[in-house]
Number of protein chains: 2
Amino acid sequence: MSIDVGARLRSVRTTFGMSQRELARRAGVTNGLISLIEQNRVSPSVSSLKKVLDGVPMSLAEFFTLDLSATPQAFFSADDLVELGNPEVSLRLVAAQRPGRQLTLLHERYAAGAATGEEMLAHRGEEAGVVIRGRIELTVGGAARVLGPGEAYYFASQLPHRFRNVGREACEIISACTPPTF
Amino acid sequence: MSIDVGARLRSVRTTFGMSQRELARRAGVTNGLISLIEQNRVSPSVSSLKKVLDGVPMSLAEFFTLDLSATPQAFFSADDLVELGNPEVSLRLVAAQRPGRQLTLLHERYAAGAATGEEMLAHRGEEAGVVIRGRIELTVGGAARVLGPGEAYYFASQLPHRFRNVGREACEIISACTPPTF
DNA sequence: TCATGGTGTTTAGTATTTTAGACAAGAAGG
DNA sequence: CCTTCTTGTCTAAAATACTAAACACCATGA
């Protein structure tokens, strides 16, 4: 068996958030069988596998067509975020590798005194964010304001804008853009 | 098992023109197993089915994705032809149910004295045929001729035309039209 | 008519899957 | 510390898949 039925089934089951016993109950088989299949200790009969997948539910065709490597990841630990910035302005992207992503979600961190640059930024779309630590000066168009923890922003990205940490400590922001710019 | 693994396998095997023994040899299983699977007397393990399909070769994903109903039929027994005419003028269509068919092939049979009707026919496309038994009078535009076995015709279907059996015995014709009118 | 070689099917026995239930480990709450 | 619930794993017994070999049938040809 070059095809890893066990890994496929475990992937499917956990993606749907079921325990072996719950899936077994829905499928009308024993939990032990799910365990054995997932460990590749047995090669299930087609009828058993069909019963199991009916509990998800999922067709045999879907099951064998599944691309395990492309299973969309829903949860990300801090280490999974991809760093796009620099030591002064850290931009950590959520779900960077997700294909067809419609959103850019960033965990931003500005060192004391850091800024997005001398020039104003401008691009398509809209963006918004919430300050979670420190204080940041945000300039949008002709207006500027200093935001602290709990405060937020939302503006059309084509307006020239700029972020600058005017405090003594690092400033952290969670921001979102759409359509994705990274 | 609502999914008919046996029929699928038999369909695949015969499409590839293999006997049970030949497929078994290539797959490294016994011919008896192929037989049992095709009769749905057993539900094979995934590993067995994989071995069998490797002998074709075909992937499990392809196997379960196969649309049996859409398997294009290449051969038709006389009973498979669909009757479109009437007792006087029998029109038996080849591959009637084939989706996306580009051709109408008919086995026509005119009883003695029968005709396609009083009015002349006219439609898009072209048609052609060969007389295989009896004698038929074919009128195309202003011309008419009686054709016997081995003789043939070919004309643009928008020309008004009419078939009439002028002999004492039934007349049979094999005819083709494109684009399909039925 | 008898052999030969092809087909698919069947059967008895063996190997494997599947079940029922016990087991161990971790988490939550008293 | 227990008790209780969950989780996944493991094992003996029952059920089922699989093999090897025989069988029945249909051709073709001597």
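Computed over heavy atoms, backbone and side chain alike; hydrogens, waters and symmetry mates excluded. Lettering follows sequence order; numbering is per chain, from 1.
Contact of the A:Y110 side chain with the A:V166 side chain is not registered, since no non-hydrogen atoms from C-beta on lie closer than 4.5 Å.
When only modelled atom types and interatomic distance are considered, A:E62 and A:S59 share a side-chain donor-acceptor pair under 3.5 Å. For the residue pair B:S90 and B:E108, no side-chain donor N or O sits within less than 3.5 Å of a side-chain acceptor on the partner.
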What string of B, S and - do you get for nucleotides 8-16 of chain D, 5' to 3', when a contact is any protein heavy atom under 4.0 Å? BBB------
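Ion pairing between B:D54 and B:K50 holds under the 4.0 Å rule for side-chain N and carboxylate O.
Rounded to an integer number of Å, the gap from CG of B:L23 to P of C:dG6 is 17 Å. Taking atom CG of B:L49 as the reference point, atom C1' of D:dA17 lies 13 Å away to the nearest angstrom. One interatomic measurement links the two molecules: CD of B:E22 to P of C:dG6, which rounds to 11 Å at whole-angstrom precision. For the pair B:N40 CG and D:dC18 C1', the computed distance is 16 Å after rounding to whole Å.
Take A:R133 and apply the side chain to side chain contact (heavy atoms under 4.5 Å, CB included) test, not counting sequence neighbours, and it matches A:R109, A:E169, A:A170, A:E172.
Separating the OG1 atom in A:T116 from the CG atom in A:L121 is a distance of 4.5 Å, to the nearest 0.5 Å.
Distances shorter than 4.0 Å separate some side-chain N or O of A:S48 from OP1 or OP2 on C:dT18.
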